[in-house]
Amino acid sequence: MACLNQKPTDSNSSPVGSVGVPSSVKEIADIRGLTPDDIEAAVKTYHPSGMHDEYIMFASGGHSGQIHVIGIPSMRLLKTIAVFTPEPWQGWGYGSEDSMSILNQGNFGDTQLRWGDTHHPAVTETNGDYDGQFLFTNDKANARVAVIDLRDFETKQIIKNPVANNDHGSTMVTPNSEWVIEGGQYGAPTGSKYSSIENYAEAYRGMITFWKFDRAAGRINPDASFAMELPPYWQDICDAGKLESDGWVFCNSFNTEMSTGGVEVGNPPFEAGASQRDMDYLHIINLDKATKVLDAGKSKMINGFNVISLETVVEENLLYFAPEPKSPHGVDVFPGGDYLVVSGKLDPHVTVYSFEKILAAIASGPTDKDDYGVPILNLDDVMAAQIEVGLGPLHTQFDNQGYAYTSLFLEPAVARWSMGGPYKDKNSEPEWSLVSKIPVHYNVGHISAAEGDTVSPDGRYLVSMNKWAIDRFAPVGPLVPQNFQLIDIAEPGDSMQLLYDMPVGFGEPHYAQIIKADKLNPWKVYPEVGWNPGTQSVDPHATATGEERVIRDGKNVEIFMTGIRSHFTPERIEIEKGDHVTWHITNVERAYDATHGFALSGYNTNLSIEPGESVTFEFEAIHDGVFSYYCTEFCSALHLEMTGYLLVKP
Ligand code: K7E
Ligand code: CUA
């Protein structure tokens, strides 16, 4: 690796080094107070105009309800994908039938939910490697899961969980993405029912849902999906087994105390009540067996959805527990699938479990059970190691050098640790040890490494997703951005290097996945003119040039319009107050980036009509008057002229 530390810095007049860095760089660096390390970091991340990033990060947008697409290592924000929250640039939720119907799929009864709390995005996998075809994310606040098609980076489906009101261990995928995991969080009566909190232990349940993904359709199939009731502990974050643990799912939990809050009635507050015990339970779920139980018809229908009851879960041995120390948060399966690691927020260690030992402990017939009859494995029987990494460990990622990385919320830092050799070398006894640490600013939650959740992580880059930025950026009022810090992890040993701080001023991201950019193959324009992104096929109402028309049938008016630089056809439309209007617009362009917008004043409408796309929107003409419509993308020199009049007669 080039190290600018070793370059001569005493020359003010001649070029420095073999790459011909002019002496003025040193002057600039001196004036700006930049160290040689700073210059190295800049050179590693700077992208001259036109140079593309090698990796793409899909970051959850937290309570923005969206997904953010960020180039690595430049840390440039490339796009925000509208998911749960209306977003006008993409025409998401401002009239287009497609976006309105997808947002409405996610309604809760009559309540139109119009935001989400996205935590964990997951790219589809093939044989345990990201394949870059689809992306899933969850809405913790409302127990919803969304499907994004990475051909056009648009949301295609939002599913409201019919039996849960919130989720958290979501979304994660199995190694071929047949199943999308939606783990629960706060225990509640199954199926959005009411029950007094005094009945917590009997009437409340934990939940995990397995959504069946139909890759050909690009949609989750709810009819083939199912949920499993769990004891009313608070299941937290899950991960799917892979390779030798394929077919199993692991979730950490907390509040096995079953604290119900209620300082009002003299109970301990949640943060104390849910932290009394030294151990909570790692949930070890036999997904393969659960699907057989489902196929055998041993589920019940709740709100029209397949649910395997807790009684059946216990009867069929679908769930085992292993103790996990001190307010655990997150479980991460090693790339080889042979180990998994849990962090306890109040324990300076990470605890590594051996999957081989878990299977052996299950086979030996565990005798310990919790109050619901779930077998509890002995920690000593299943533990491979405990490694002291530091204060407040949370989440773990992996690289290609045999290192694991754990975020340390309280220090705050990222710890690099190892098992002393390649993961799969079963012949040598692992020597687990802490290798090094790098401080981060501040309060790191998740970390994300390049291809870090796959069976073959790339290493090289790790992003520390810090909750607080405090002094890292110019002050912008009391609400401060989060801080994504890019860390170079390419070199072994004590050599992690901080490269870049990216302020994140759009919600609080939790998790992200980083995929090699060349695995993505998005469309540049829609495949054919008249394309409906909702069906991923040509729309029957697509309008060809020359076939533009306005059709009236009683009070129903149907408009067939085309857009091309710099013209909407037709450009005068006369209707009457009280008409029901169905308006189709086709962007007949085939040029890359020739998107047209469509704003209609007074009717809360804005569309984004990308090259080839056909969009439909409907409204009641409740306002009379003269309303202009115009293109909201500056598409050409005569863009301002890309307009027209909607005349609504009283
Ligand atoms: Cu740790 Cu929701 Cu994965 Cu936040 S979660 S950090
Ligand atoms: Cu089309 Cu501006």
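Whatever order the structure lists them in is the order used to number ligands and atoms, beginning at 1. Along the sequence shown, residues carry numbers from 1.
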Give a yes or no on whether Cys635 keeps an N, O or S atom under 2.8 Å from atom 2 (Cu) of ligand 2. yes
Among N, O or S atoms, Glu633 approaches atom 2 (Cu) of ligand 2 most closely through O
Of all N, O or S atoms in His639, which has the smallest distance to atom 2 (Cu) of ligand 2? ND1
For Lys140, state whether at least one heavy atom is located under 4.0 Å from any atom of ligand 1. no
Ligand 1 contacted by Ile237 (non-hydrogen, < 4.0 Å): yes
Tyr233 and Phe321 aromatic ring geometry - parallel, tilted or perpendicular at 30°/60° bounds: tilted
Considering heavy atoms of the protein only, find what lies nearest to atom 6 (S) of ligand 1 and give residue, atom and distance to 0.1 Å. Lys467 NZ, 3.2 Å
Protein residue, atom and distance nearest to atom 4 (Cu) of ligand 1, heavy-atom basis: His510 ND1, 2.0 Å
Metal-centred angle, NE2 of His329 through atom 1 (Cu) of ligand 1 to NE2 of His395, rounded to 10 degrees: 90°
Would you call Lys242 and Glu125 a salt bridge, using N to O less than 4.0 angstrom? no
Please find the N/O/S atom of His446 nearest to atom 3 (Cu) of ligand 1 and write down its name. NE2
Does ligand 1 have a heavy atom under 4.0 Å from the side chain of His168, from its backbone, from both, or from neither? side chain
With Pro412, the side-chain contact (heavy atoms from CB on, under 4.5 Å) member among Val440, Asn466, Leu391, Leu394: Val440
Do other residues, nucleotides or ligands put more than 12 heavy atoms under 6.0 Å from the CZ atom of Phe270? yes
Hey, would you say the Tyr353 and Phe250 ring centroids sit under 6.0 Å apart? no
Are the aromatic rings of His446 and His120 close, with centres under 6.0 Å apart? yes
Would you say Ser327's side chain and Lys345's backbone share a donor-acceptor pair under 3.5 angstrom? no
Report the residue from Tyr630, Tyr94, Tyr603, Trp583 that forms a ring-ring contact (aromatic ring centres under 6.0 Å, His included) with Phe598. Trp583
Atoms of ligand 1 under 4.0 Å from any heavy atom of His120, numbered from 1 in the order shown, are 2 (Cu), 3 (Cu), 5 (S)
